[in-house]
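Below is one structure, written out as structure tokens; the observations come after it.
Chain identifiers are assigned alphabetically (A, B, ...) following the order of the sequence lines, protein sequences preceding nucleic acid strands; residue numbering begins at 1 within each chain.
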Number of protein chains: 2
Amino acid sequence: MSTAPLRNTRQRAAVISALADAEVFKSSQEIHDDLRQRGESVGLATVYRTLQALADSGDVDVIARDGETAYRQCSPSHHHHLVCRRCHSTIEVEAPDVETWANRVASDHGFVDVTHTVEVYGLCPLCARA
Amino acid sequence: MSTAPLRNTRQRAAVISALADAEVFKSSQEIHDDLRQRGESVGLATVYRTLQALADSGDVDVIARDGETAYRQCSPSHHHHLVCRRCHSTIEVEAPDVETWANRVASDHGFVDVTHTVEVYGLCPLCARA
DNA sequence: CTGGGTGCAAACCCTTTGCAATTCG
DNA sequence: CGAATTGCAAAGGGTTTGCACCCAG
């Protein structure tokens, strides 16, 4: 369990930068496209590998969107998301009660090593008008 | 928006039956395997199509498990799941507080047409001992 | 009869992986 | 220099689809 050795490559920096600019969750392929459009082209496989690594180290948030995995740079504290199902705009929300509820429910049934996923979907004010 | 016309075929009945017997969430492929083992073989594509249809009509619960979609016949009322991440055993749980929280959070931000997903994962008592 | 359902295989999509060439440190 | 990283293209896993055949209504 040694600290993973990570190199500073142009590609890694590019992916992190693209992620920093993104306001919404983006899939590996979307990041790949974004990079290509700004001329900072990076191999698709590398984008996948980099985003996975970032997610593993907990530096970015992950969300399962239909059949694909999307990533986003978020605040470091534990939180959940309110996502517009149309434009994908995202708002971070906290849910202290939900945390306690999840833990209680789990321990009530003898479950250990508990995690949970909570996502709220809806139409944001802008999209709701359309 | 007319009621979808559904025929009663051997295959459809077989899938529904397999699902009824399942105690845990099962993927299309798992259902397909189950059916083959009991001699009630059904084409894989048909299993996919049938499960999708059942999910669309709200007759079964859906869960996203890593890269695949799993289905389960559940109680008709709204509820969430406590799932063992090892053996996939599942317990239905209610979360009235979570429902209200989700709705409040959403309306606070002007979101409408709100839905939410809540899943709690952990190791069940049996798997925790291993 | 006749249109929806089925089965097979090919097609798809997202993701992972093998491996040689490249580059950070 | 040596090991980690990259890129490409091929492979993989899950799911969808085209299309000819079949069967419930």
- What's the spacing between E40(A) CD and D34(A) CG if we round to 0.5 Å? 12.0 Å
- Query: Nearest 0.5 Å, what's the CZ-NE2 distance between R104(B) and H109(B)?
  - Reply: 9.5 Å
- Query: Which part of the nucleic acid does R65(B) contact within heavy-atom distance under 4.0 Å: base, sugar-phosphate only, or nothing?
  - Reply: nothing
Grab the [atom1]-[atom2] distance between [X] and [N] for me, whole Å please.
X: R36(B); N: dT6(C); atom1: CZ; atom2: C1'; value: 16 Å
X: L51(B); N: dG14(D); atom1: CG; atom2: P; value: 15 Å
X: L6(A); N: dC24(C); atom1: CG; atom2: C1'; value: 12 Å
X: D66(B); N: dG13(D); atom1: CG; atom2: P; value: 13 Å
X: R10(A); N: dC24(C); atom1: CZ; atom2: P; value: 10 Å
X: F25(B); N: dG14(D); atom1: CZ; atom2: P; value: 18 Å
X: H32(B); N: dG7(C); atom1: NE2; atom2: P; value: 8 Å

- Item | Under 3.5 Å side-chain donor-acceptor pair for E92(A) and S75(A) | yes
- Examine dT23(C): is either OP1 or OP2 under 4.0 Å from a nitrogen or oxygen in the side chain of T9(A)? Give yes or no. no
- Query: Would one find a side-chain N or O of Q11(A) under 4.0 angstrom from OP1 or OP2 of dT23(C)?
  - Reply: no
- Message: Atom CD of residue position E99(B) - does it have more than 12 heavy atoms of other residues, nucleotides or ligands inside 6.0 Å?
- Response: yes
- Query: Does R85(A) CZ have over 12 foreign heavy atoms under 6.0 Å away?
  - Reply: yes
- Query: Do R7(B) side-chain and dG4(C) base share a donor-acceptor contact under 3.5 Å?
  - Reply: yes
- Message: Classify the ring geometry of H116(B) against H80(B): parallel below 30°, tilted from 30° to 60°, perpendicular beyond 60°.
- Response: tilted
When you compare the protein's N or O atoms with those of nucleotides 13-18 of chain C, which come within less than 3.5 Å of each other, and at what distance?
| residue | atom | partner | partner atom | Å |
| --- | --- | --- | --- | --- |
| dC14(C) | OP2 | Q29(A) | NE2 | 3.4 |
| dC14(C) | O5' | Q29(A) | NE2 | 3.2 |
| dT15(C) | OP1 | T69(A) | N | 2.7 |
| dT15(C) | OP1 | T69(A) | OG1 | 3.4 |
| dT15(C) | OP2 | Y48(A) | OH | 2.8 |
| dT16(C) | OP1 | Q52(A) | NE2 | 2.6 |
| dT16(C) | OP2 | Q52(A) | NE2 | 2.5 |

- Scan V93(B), V118(B), I91(B), D61(B) and name whichever one has a side chain to side chain contact (heavy atoms under 4.5 Å, CB included) with H79(B). D61(B)
- Task: With sequence neighbours left out, write down each residue that passes side-chain hydrogen bond (donor to acceptor under 3.5 Å, both in side chains) with S17(A), or none if nothing qualifies.
- Result: R38(A)
- Would you write the dot-bracket representation of DNA chain C, where each base gets (, ), [, ], | or . depending on whether it forms a Watson-Crick or G-U pair under 3.5 Å and with which partner? |||||||||||||||||||||||||
- Query: Heavy-atom distance under 4.5 Å between the side chains of V42(B) and I31(B), does that happen here?
  - Reply: no
